[in-house]
Amino acid sequence: MDTFPLLVLLLSWRTEVEAQIKLFPENLTVLRGEKARFTCTPSNSQWTAMIWLLNGEVALTISNEHGVLQSPNTNLNLMAEKKKDGWMLVLNNTERHDQGEVTCDLQGVDRKTARLFVQEKGSVKILGNNRLAFQQDSVLFECEAAGWYPEPVLKWEVNNKEVSPSEYNISSEESKESLFTLTSNLSVLAAKSSHVDCLASVSALPQPLKSTISLKVVAEVLEEGGYCTVPLAITASLSGFLVLLLLCICTVLCYRQRRQAKTSPQEVLRFDQSVFSRSVDADAPEGKVNLGYSSESPTDAVNSELFWETRRQMDFVSFRKFHQVPDVVSSSSFSTQSESQANMCPPEDGCKNVRRITTV
């Protein structure tokens with residue numbers, strides 16, 4: 001049996017297996033204007049030329065010996081970077097027309113193809129301004145996401161909680177440039193103050209685009225006998241004004257009370273002097289002191305001082321009345337001579353009566 005042809009066939013098959021290439025990534029999605037990178041790595045270094053194609057057209061030609069060769073493609077955004085085991089194709093500023101197939105053709109050895117997807121990022125906005133509503137009112141919000149490719153995913157959130165798709169509707173429209181515009185309406189029941197978000201995204205976006213608007217909810221108070229409603233905020237303002245007015249009145253009253261406290265000691269002094277003079281000059285016991293009298297002094301200390309001063313004056317008057325001696329005092333200890341001398345001076349001569357006192 002002739003084994004030579006069989007050896008040649010096995011050698012050629014082993015060479016083809018070892019000469020295979022790897023293209024990474026197989027699928028790449030980027031936003032318009034971003035960079036796109038593909039790496040082609042041969043399994044061995046025994047190759048002559050590497051050709052990069054975009055949608056079937058030659059973009060770059062690379063020689064294993066001389067590197068990047070002149071290419072008929074005039075796209076300045078294309079460039080190649082030498083890697084350890086292969087070459088990388090870089091599209092610096094991707095456009096919508098770059099979307100499609102990216103092929104690495106290792107001449108006479110192997111060929112691999114990957115897919116490039118270029119997406120368009122649009123805008124998202126909730127129409128209108130912040131809203132103010134009463135409790136249990138239904139508030140309508142409208143969101144518009146314009147200029148997207150492909151059609152974006154749109155959703156609503158209230159206080160960072162996703163709203164069920166069954167609670168809002170979405171309508172889509174495609175322009176001539178194959179850009180999509182979505183419109184959505186959401187009705188929210190005003191239970192408490194909240195923030196409402198509308199989000200739109202495509203797969204190439206790391207985070208969705210978001211538009212936020214606030215909903216402020218106020219309570220209402222129904223007046224009896226009428227249909228007028230007064231917001232709670234207005235009621236709170238009136239309450240604050242009344243509290244301020246009450247503080248002003250208290251301040252004025254305290255100021256007047258302090259001024260009266262300064263003048264009260266002089267009035268107490270005048271009162272004490274008048275009581276003392278009446279108690280000294282009064283010879284008859286008909287006068288009485290009114291113990292229930294009290295001055296208009298604002299403090300208990302002054303009232304206490306006035307009470308004790310009055311008691312002292314009454315004690316002085318009582319002491320004087322107790323020790324008062326009548327005009328004529330008869331005593332068995334008077335001498336006969338004294339009686340005779342008293343009788344010798346008749347009243348018509350202007351003699352004065354002399355009081356005689358003795359110790360009892």
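Computed over heavy atoms, backbone and side chain alike; hydrogens, waters and symmetry mates excluded.
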**Study point:** From Ser123 atom OG to Leu209 atom CG, the distance as rounded to the nearest 0.5 Å
**Key:** 8.5 Å
Check your understanding: Distance from Arg115 atom CZ to Glu101 atom CD, nearest 0.5 Å?
Key -> 5.5 Å
**Study point:** More than 12 heavy atoms from other groups under 6.0 Å of CZ on Arg131
**Key:** yes
Review point. Relative to the ring of Trp156, is the ring of Phe141 parallel (under 30°), tilted (30 to 60°) or perpendicular (over 60°)?
Key: tilted
Study note, to complete from the structure: Minimal heavy-atom distance between Ile213 and Asn130, with the atoms involved, is CG1-OD1, 3.3 Å
Revision key, fill the gap. Between the CH2 atom in Trp52 and the SG atom in Cys40, the distance rounded to the nearest 0.5 Å is 5.0 Å
**Study point:** More than 12 heavy atoms from other groups under 6.0 Å of CG on Asn27
**Key:** yes
Review point. Can you name the nearest heavy-atom pair linking Val90 to Arg37, along with the distance?
Key: CG2-CG, 4.2 Å
Review point. Under the criterion side-chain contact (heavy atoms from CB on, under 4.5 Å), which of Leu179, Val118, Leu31 is the partner of Tyr149?
Key: Leu179
Point to revise | Chi angles and distances behind the side chain to side chain donor-acceptor pair (under 3.5 Å) call for Thr29, Gln119 | key: CA-CA 7 Å; Thr29 302; Gln119 297 182 348; 5.0 Å; no
Practice item. Check the pair Val202 / Phe117 against side-chain contact (heavy atoms from CB on, under 4.5 Å), numbers first and verdict last. Key: CA-CA 12 Å; Val202 289; Phe117 300 94; over 6 Å; no
Check your understanding: Can you tell me if Asn55 uses its side chain to pair, donor with acceptor, with the backbone of Gln99 under 3.5 Å?
Key -> yes
Study note, to complete from the structure: CD of Gln135 to OG of Ser193, rounded to nearest 0.5 Å, is 9.0 Å
Review point. Which distance, rounded to the nearest 0.5 Å, do you find between the CD1 of Ile21 and the CG of Asp110?
Key: 4.5 Å
Check your understanding: Which is it for Asp197 and Thr212 under the side chain to side chain donor-acceptor pair (under 3.5 Å) test, yes or no, and what are the steps along the way?
Key -> CA-CA 4 Å; Asp197 302 326; Thr212 303; 2.7 Å; yes
Review point. Does Glu95 CD have over 12 foreign heavy atoms under 6.0 Å away?
Key: yes
Exercise for review: List the steps, then state whether side-chain contact (heavy atoms from CB on, under 4.5 Å) holds for Thr48 with Gln107.
Suggested key: CA-CA 7 Å; Thr48 304; Gln107 290 290 299; 5.7 Å; no
Check your understanding: Does a side-chain heavy-atom distance below 4.5 Å link Val218 with Phe134?
Key -> yes
Practice item. Please indicate whether Lys82 has more than 12 foreign heavy atoms, meaning atoms of other residues, nucleotides or ligands, lying under 6.0 Å from its NZ. Key: yes
**Study point:** Side-chain (Thr61) to main-chain (Leu69) donor-acceptor, under 3.5 angstrom
**Key:** no
Check your understanding: Does any N or O in the side chain of Asp137 come within less than 3.5 Å of the main-chain N or O of Ala190, such that one atom is a donor and the other an acceptor?
Key -> no
Exercise for review: May I have the step-by-step check of side-chain contact (heavy atoms from CB on, under 4.5 Å) for Lys121 and Trp148, ending in yes or no?
Suggested key: CA-CA 5 Å; Lys121 179 181 70 174; Trp148 295 81; 4.2 Å; yes
Review point. Is a side-chain donor or acceptor of Thr183 paired with a backbone partner of Glu144 at a separation under 3.5 angstrom?
Key: no
**Study point:** Heavy-atom donor-acceptor pair, Ser184 side chain to Asn169 backbone, under 3.5 Å
**Key:** yes
Practice item. For Ala80 and Ile62, work out which heavy atoms get closest and say how close. Key: CB-CD1, 3.9 Å
Check your understanding: For Glu173, does the CD atom sit with more than 12 other heavy atoms under 6.0 Å from it, leaving out its own atoms?
Key -> no
Exercise for review: Quick one: do Lys192 and Asn159 satisfy side-chain contact (heavy atoms from CB on, under 4.5 Å)? Show the steps, please.
Suggested key: CA-CA 10 Å; Lys192 62 179 181 178; Asn159 290 334; 4.0 Å; yes
Exercise for review: Indicate the atoms forming the closest heavy-atom contact of Gln136 with Leu189, along with that distance.
Suggested key: O-CD1, 3.5 Å
